[in-house]
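Reviewing the structure listed below.
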Amino acid sequence: MSLKNINSNKSFEGWHKQYTHTSSVLNCEMRFAIYLPPQATIDTPVPVMYWLSGLTCSDENFMQKAGAQKLAAELGIAIVAPDTSPRGEEVADDENQAYDLGLGAGFYVNATQAPWKKHYQMYDYIVHELPALIEANFPVTKQRVISGHSMGGHGALTIGLRNPNLYQSISAFSPICNPTRCPWGEKAFSAYLGQNKEDWKAYDSYEILVQLSQHQPILIDQGSDDSFLKEQLKTESLLTLTSKNTAEITINIREGYDHSYYFISSFIESHLRFHAINLGLLEKH
């Protein structure tokens with residue numbers, strides 16, 4: 001599988017690079033970004049944090065706005081930011097070009113319904129195809145952690161929880177915690193997965209956590225002034241579980257913060273340190 005480098009920028013002695021490649025899983029050309037810290041060499045490969053972005057975003061939002069590169073360079077963690085959906089003229093989109101379905105809104109599921117099924121296999125792309133590509137072409141180890149924002153926070157939680165052998169820790173900003181019971185999730189899941197709501201539960205972090213007694217460490221940050229909090233994000237559903245579940249999950253409600261990258265950039269370093277501890281790069285205090 002050939003990679004085409006379309007952009008490179010030096011950053012904190014490491015490199016931010018963008019690549020395109022043909023995806024056999026998504027049946028289209030895809031783009032991703034990778035930040036390689038200065039420690040990343042053939043002799044000293046580094047672990048990877050996969051960052052999943054939210055609705056309407058691409059690989060560029062996090063890399064340009066979050067301010068993660070400085071600490072990632074210090075810790076020796078690579079960051080991979082994929083796109084949020086398949087792209088291209090042949091790829092199905094919402095007929096009304098809505099922001100919450102179709103292009104830019106893949107929801108990190110494997111679609112089972114027409115016309116989405118041919119291209120919208122984002123779960124398999126994130127879990128299998130993209131990491132295999134990264135590990136074959138860059139100086140990284142097989143150690144992975146996963147994080148994301150909003151729709152991407154939903155993706156990070158569900159993908160991480162369903163694959164505990166692949167991801168050593170999970171974090172999220174403002175995640176859609178209970179998508180089977182919110183307008184965004186109901187719209188996307190009915191289109192991509194059909195009308196059987198039992199099928200939806202495989203992509204709902206609340207429903208997954210209800211069935212688990214143990215899982216990887218999880219860190220969630222949520223702004224108290226997030227306009228999507230009550231109707232769409234449903235953070236309270238996970239808060240009800242934390243008192244019942246002895247497994248490690250931390251949910252921080254951050255007073256006055258909203259849904260934006262101002263919020264993410266304020267706390268991204270704590271997430272990187274959290275993952276570094278679980279990767280064995282830092283000691284837990």
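Source: prediction; values computed, not measured.
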> Can R162 be said to sit on top of Y123's aromatic six-ring, NZ or CZ under 6.0 Å from centre and within 45° of the ring axis?
Replying inline: yes

> Between Y19 and R31, is there a cation-pi geometry (under 6.0 Å to ring centre, at most 45° from the normal)?
Replying inline: no

Residue pair [X] / [Y]: nearest heavy atoms and the distance that separates them:
X    : Y    : value
T158 : S205 : CG2-N, 3.6 Å
G106 : S85  : N-CB, 3.8 Å
Y99  : T56  : CB-CG2, 3.7 Å
A156 : S171 : CB-O, 3.8 Å
S266 : Y257 : OG-CE2, 3.5 Å
C57  : T84  : O-OG1, 2.6 Å

>> Quick one, E135 with R144, criterion salt bridge (Lys or Arg N to Asp or Glu O under 4.0 Å). Give me CA distance, side-chain angles, the key distance, then yes/no.
In response: CA-CA 11 Å; E135 290 164 12; R144 306 179 199 170; 3.4 Å; yes

Quick one: does any side-chain atom of [X] pair with a main-chain N or O of [Y] as donor and acceptor, under 3.5 Å?
X    : Y    : answer
Q18  : S8   : no
N163 : N165 : no
Q216 : G160 : yes
Y203 : G185 : no
Q39  : A73  : yes

Do the charged groups of [X] and [Y] touch, with an N to O distance under 4.0 Å?
X    : Y    : value
R181 : E207 : yes
E186 : K234 : no
R87  : E29  : no

Between [atom1] on residue [X] and [atom2] on residue [Y], distance to nearest 0.5 Å:
X    : Y    : atom1 : atom2 : result
N61  : Q64  : CG    : CD    : 7.5 Å
I218 : S169 : CD1   : OG    : 10.0 Å
L101 : D93  : CG    : CG    : 7.5 Å
N110 : D199 : CG    : CG    : 12.5 Å
L36  : I77  : CG    : CD1   : 13.0 Å
L3   : L133 : CG    : CG    : 4.5 Å

Report yes if the side chains of [X] and [Y] come closer than 4.5 Å at any heavy-atom pair, otherwise no.
X    : Y    : value
F189 : V109 : yes
L219 : I249 : no
M151 : Y108 : yes
T250 : I220 : no
P82  : Y125 : yes
P164 : H215 : no
M122 : P86  : yes
M49  : I146 : no

> Between S174 and H149, is a side-chain contact (heavy atoms from CB on, under 4.5 Å) present by the stated rule, with each step listed?
Replying inline: CA-CA 6 Å; S174 316; H149 172 232; 4.0 Å; yes

>> Using ring centroids (six-membered ring only for Trp), state whether F263 and F173 fall under 6.0 Å.
In response: yes

> How about F107 and W184: are their ring centres within less than 6.0 Å of each other?
Replying inline: no

Do [X] and [Y] belong together in a cluster built from hydrophobic side chains that touch within less than 4.5 Å?
X    : Y    : answer
F138 : F62  : no
L55  : V91  : yes
Y167 : W51  : no
Y206 : L52  : yes
W116 : W200 : yes

> Can you check side-chain contact (heavy atoms from CB on, under 4.5 Å) on Y120 and L26, steps first, answer last?
Replying inline: CA-CA 6 Å; Y120 285 76; L26 303 179; over 6 Å; no

Flag for [Y]-[X]: side-chain donor and acceptor within less than 3.5 Å:
X    : Y    : result
S260 : D258 : yes
H16  : S11  : no
Q143 : Q168 : yes
Q214 : E248 : no
H21  : S2   : no
T180 : D204 : yes
N27  : H119 : no
N252 : Q222 : no

>> Using side chain to side chain donor-acceptor pair (under 3.5 Å), reason through H259 and S150 one step at a time and then give a plain yes or no.
In response: CA-CA 8 Å; H259 199 71; S150 194; 3.0 Å; yes

> Considering residues, nucleotides and ligands other than Y262, do more than 12 of their heavy atoms fall under 6.0 Å from its OH?
Replying inline: no

>> Can you tell me if K187 has over 12 outside heavy atoms packed within less than 6.0 Å of its NZ?
In response: yes

> Where do T235 and I251 land on the side-chain contact (heavy atoms from CB on, under 4.5 Å) test, with the steps shown first?
Replying inline: CA-CA 9 Å; T235 308; I251 301 176; 4.1 Å; yes

>> side chain to side chain donor-acceptor pair (under 3.5 Å), that's the test. Do N7 and N5 meet it? Break it down for me.
In response: CA-CA 6 Å; N7 190 30; N5 180 213; over 6 Å; no

>> If you apply the rule side-chain contact (heavy atoms from CB on, under 4.5 Å), what do you find for L166 with K142, and how did you get there?
In response: CA-CA 8 Å; L166 297 181; K142 292 184 179 295; over 6 Å; no

